[in-house]
Enquirer: 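The structure under discussion is supplied below as structure tokens; questions concerning it will follow.
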Amino acid sequence: MPMAPSKKRHRHTRDQRAGRERHHGGEHHKGKLNRSPSRDPVSMAETPEVFRYEPLDPSVDSIRLLELEPADNPQILSCRIIHVPFRNRPKYEALSYTWGAPEPTSTILLNGTPMAIGPNLHDALLALRRDHKPRLIWADAICIDQSNLAERERQVRFMDSIYTRAARVLIWLGGADQMIQRAFKSNLENLQERERNTFCSWICGHKYWTRLWIIQEFTLSQDLRVCIGRHSGKWEEFLESLSQHARKYDELSDQMRIIKNLDQKRRGRLDDTSRLEKLLEDFRYAECQEPRDRIYGLLGLAHDCQDQSIKADYTKSTFDLYTEAIGKFSR
């Protein structure tokens, strides 16, 4: 997922992505990394320091990875950023999620320095961190310098590789209430019919399925898992159980079609239906704030665009981009 400059996955404003800066101490690349000191929430809020990115090496294809440190202090979410050349084939998990609230209102420690992030991402990282060992995650809002237009464009072009090479793609659907988590953990077994209906309605109505940027994140995954709260499960088992129960409720048929359409695209991603024109038709319902993302967000899936005939360029006007795409369709 390099995220587009205005990747809406419920990404609302470009300004929310700008200004992710850090302390002058520097990001860590290779060698021994210093552990961040523990800080209480008050001192974090009062400090004037902010996280500043060091640029990725432009001479090689590289990404940043987020190391979630173990939950030594349950009140503080502490992480490290590292730079990794893609040719080293790093092992990591990629997060697929919606950005949620427009303003970054939650705080993490990143390389020992406070950084503001969205509450949905914060909840995801809290749920995903392990108790006793670190976990490597790729999450667009942190691993891309959102204030750097040139970097965002490069990483958007690279996003298909990020999700294809991830050891696992994690669909984050949120914390949810106890009933939803219990239903998910039980695979919808031993529940009252009312509880099954509530769970199926919550899943099918989730805004995740209608965000444009999740399409390639979902479709390109090699190993896909669904995460709700602290629980996770294999996509195939989740979909089988959901389909079995949701078909009882006619009001969910349209939403289930959207979910199954995604799954069919994932299983058939190598066939000729993955042309840009067909993808735009199949996912015409998908939402994004930036109109250029309607094309840029599908380039990683479009077989007829692998020659870079269309590439992410946010200096190009929407009119010129759409004209270019229409010209490609008519060839």
Side-chain angles (χ1 to χ4, degrees), residues 1 8-10 93-101 119-120 123-124 127-128 163 168-271 273-274 278-288 297-298 301:
M1 71 172 155
K8 180 170 177 180
R9 354 165 77 12
H10 229 47
E93 298 168 292
L95 189 61
S96 181
Y97 67 108
T98 61
W99 276 38
N120 192 42
D123 290 348
L128 293 172
Y163 278 87
R168 190 175 295 109
V169 172
L170 307 173
I171 297 175
W172 171 251
L173 295 182
D177 61 30
Q178 290 301 312
M179 194 284 290
I180 295 294
Q181 294 190 47
R182 180 166 54 86
F184 176 61
K185 186 179 180 181
S186 70
N187 205 26
L188 294 180
E189 297 297 330
N190 302 317
L191 298 176
Q192 297 178 8
E193 191 61 31
R194 174 182 55 80
E195 293 175 321
R196 287 195 185 94
N197 179 279
T198 298
F199 177 83
C200 291
S201 298
W202 186 84
I203 292 293
C204 291
H206 201 289
K207 58 193 174 187
Y208 174 86
W209 311 111
T210 58
R211 299 298 172 236
L212 186 136
W213 276 101
I214 66 97
I215 295 169
Q216 68 173 345
E217 299 166 4
F218 180 104
T219 304
L220 294 174
S221 62
Q222 303 298 318
D223 183 3
L224 189 61
R225 295 187 72 87
V226 180
C227 303
I228 299 176
R230 298 280 291 180
H231 310 296
S232 67
K234 292 183 178 180
W235 165 254
E236 292 77 10
E237 295 174 2
F238 169 81
L239 180 62
E240 181 180 0
S241 177
L242 179 66
S243 300
Q244 176 185 347
H245 294 286
R247 66 187 178 190
K248 303 173 186 176
Y249 313 118
D250 292 341
E251 68 274 15
L252 302 181
S253 59
D254 288 344
Q255 293 99 317
M256 279 303 301
R257 252 193 303 274
I258 289 175
I259 295 173
K260 288 184 175 181
N261 181 39
L262 277 170
D263 183 65
Q264 289 167 3
K265 272 298 179 197
R266 179 172 179 255
R267 288 185 285 108
R269 60 183 177 270
L270 299 180
D271 62 33
T273 64
S274 293
K278 185 67 165 60
L279 289 167
L280 287 168
E281 178 184 348
D282 290 345
F283 296 107
R284 57 189 178 275
Y285 63 83
E287 300 173 0
C288 60
L298 297 173
L301 296 176

Enquirer: Does the plane of the ring in F218 sit parallel, tilted or perpendicular to the ring in W235? Use 30° and 60° as the thresholds.
Expert: perpendicular

Enquirer: Yes or no on side-chain contact (heavy atoms from CB on, under 4.5 Å) for Y249 and S201, after CA distance, side-chain angles and deciding distance?
Expert: CA-CA 9 Å; Y249 313 118; S201 298; 5.8 Å; no

Enquirer: Inspect the contact between E195 and R182 and indicate whether a charged nitrogen and a carboxylate oxygen are less than 4.0 angstrom apart.
Expert: yes

Enquirer: Look up atom CG in L128 and atom CZ in R230, then write down how far apart they are to the nearest 0.5 Å.
Expert: 8.0 Å

Enquirer: Give, for atom CG of L252 and atom SG of C204, the distance between the pair rounded to the nearest 0.5 Å.
Expert: 4.5 Å

Enquirer: Regarding D254 and R257, does a basic nitrogen lie under 4.0 Å from an acidic carboxylate oxygen?
Expert: yes

Enquirer: Checking L173 against W209 for the side-chain contact (heavy atoms from CB on, under 4.5 Å) test, could you report, in this order, the C-alpha distance in whole Å, the side-chain angles of both residues, the deciding distance, and whether it holds?
Expert: CA-CA 10 Å; L173 295 182; W209 311 111; 4.3 Å; yes

Enquirer: What heavy-atom pair brings T98 and R211 nearest, and what distance separates the two atoms?
Expert: CG2-CG, 3.8 Å

Enquirer: Quick one: CE on M256 to CG on D250, what's the gap to the nearest 0.5 Å?
Expert: 13.0 Å

Enquirer: Would you say R284's side chain and E281's backbone share a donor-acceptor pair under 3.5 angstrom?
Expert: yes

Enquirer: In terms of heavy-atom contacts, does CD of E240 have more than 12 from other residues, nucleotides or ligands at under 6.0 Å?
Expert: no

Enquirer: Can you name the closest pair of heavy atoms from I214 and Y97 and give their distance?
Expert: CG2-O, 4.3 Å

Enquirer: Residues two or more places apart in sequence or in another chain: which of them pass ring-ring contact (aromatic ring centres under 6.0 Å, His included) with H245?
Expert: none

Enquirer: Provide the closest heavy-atom pair for L212 versus G297 in the form atom of the first, atom of the second, distance.
Expert: CD2-CA, 3.6 Å

Enquirer: Is it true that a side-chain atom of R196 and a backbone atom of L191 form a donor plus acceptor pair closer than 3.5 Å?
Expert: yes

Enquirer: From E217 CD over to L301 CG, what is the distance, rounded to the nearest 0.5 angstrom?
Expert: 10.5 Å

Enquirer: Looking at D282 and N261, what are the two nearest heavy atoms and their distance?
Expert: O-ND2, 3.6 Å

Enquirer: Less than 4.5 Å apart, side chain to side chain, heavy atoms only: is that true for H206 and I259?
Expert: no

Enquirer: To the nearest 0.5 Å, how far apart are CZ in R225 and CD in E237?
Expert: 8.0 Å

Enquirer: For a salt bridge (charged side-chain N to carboxylate O under 4.0 Å, His left out) check, start with the C-alpha distance between R267 and E236, then their side-chain angles and the critical distance, and finish with the verdict.
Expert: CA-CA 11 Å; R267 288 185 285 108; E236 292 77 10; over 6 Å; no

Enquirer: Measuring from I215:CD1 to F283:CZ, what's the distance to the nearest 0.5 Å?
Expert: 4.5 Å

Enquirer: In terms of relative ring orientation, are F184 and F199 parallel, tilted or perpendicular, with 30° and 60° separating the classes?
Expert: parallel

Enquirer: With sequence neighbours left out, what residues match Q178 under side-chain contact (heavy atoms from CB on, under 4.5 Å)?
Expert: Q181

Enquirer: What pair of heavy atoms forms the shortest contact from I180 to T198, and how long is it?
Expert: CD1-O, 4.2 Å

Enquirer: Within the distance-only criterion (no hydrogens, no angle test), does the side chain of S241 pair as donor or acceptor with the backbone N or O of N187 below 3.5 angstrom?
Expert: yes

Enquirer: Please answer whether the main-chain N or O of M179 pairs with a side-chain N or O of D177 as donor and acceptor at a distance below 3.5 Å.
Expert: yes

Enquirer: How close do G175 and I228 get, heavy atom to heavy atom, and via which atoms?
Expert: O-CG2, 4.0 Å

Enquirer: For atom NZ of K248, decide whether the heavy atoms of other residues, nucleotides or ligands shown that lie under 6.0 angstrom number more than 12.
Expert: yes

Enquirer: Can any side-chain N or O of S186 pair as donor or acceptor with the backbone N or O of A183 at less than 3.5 Å?
Expert: yes

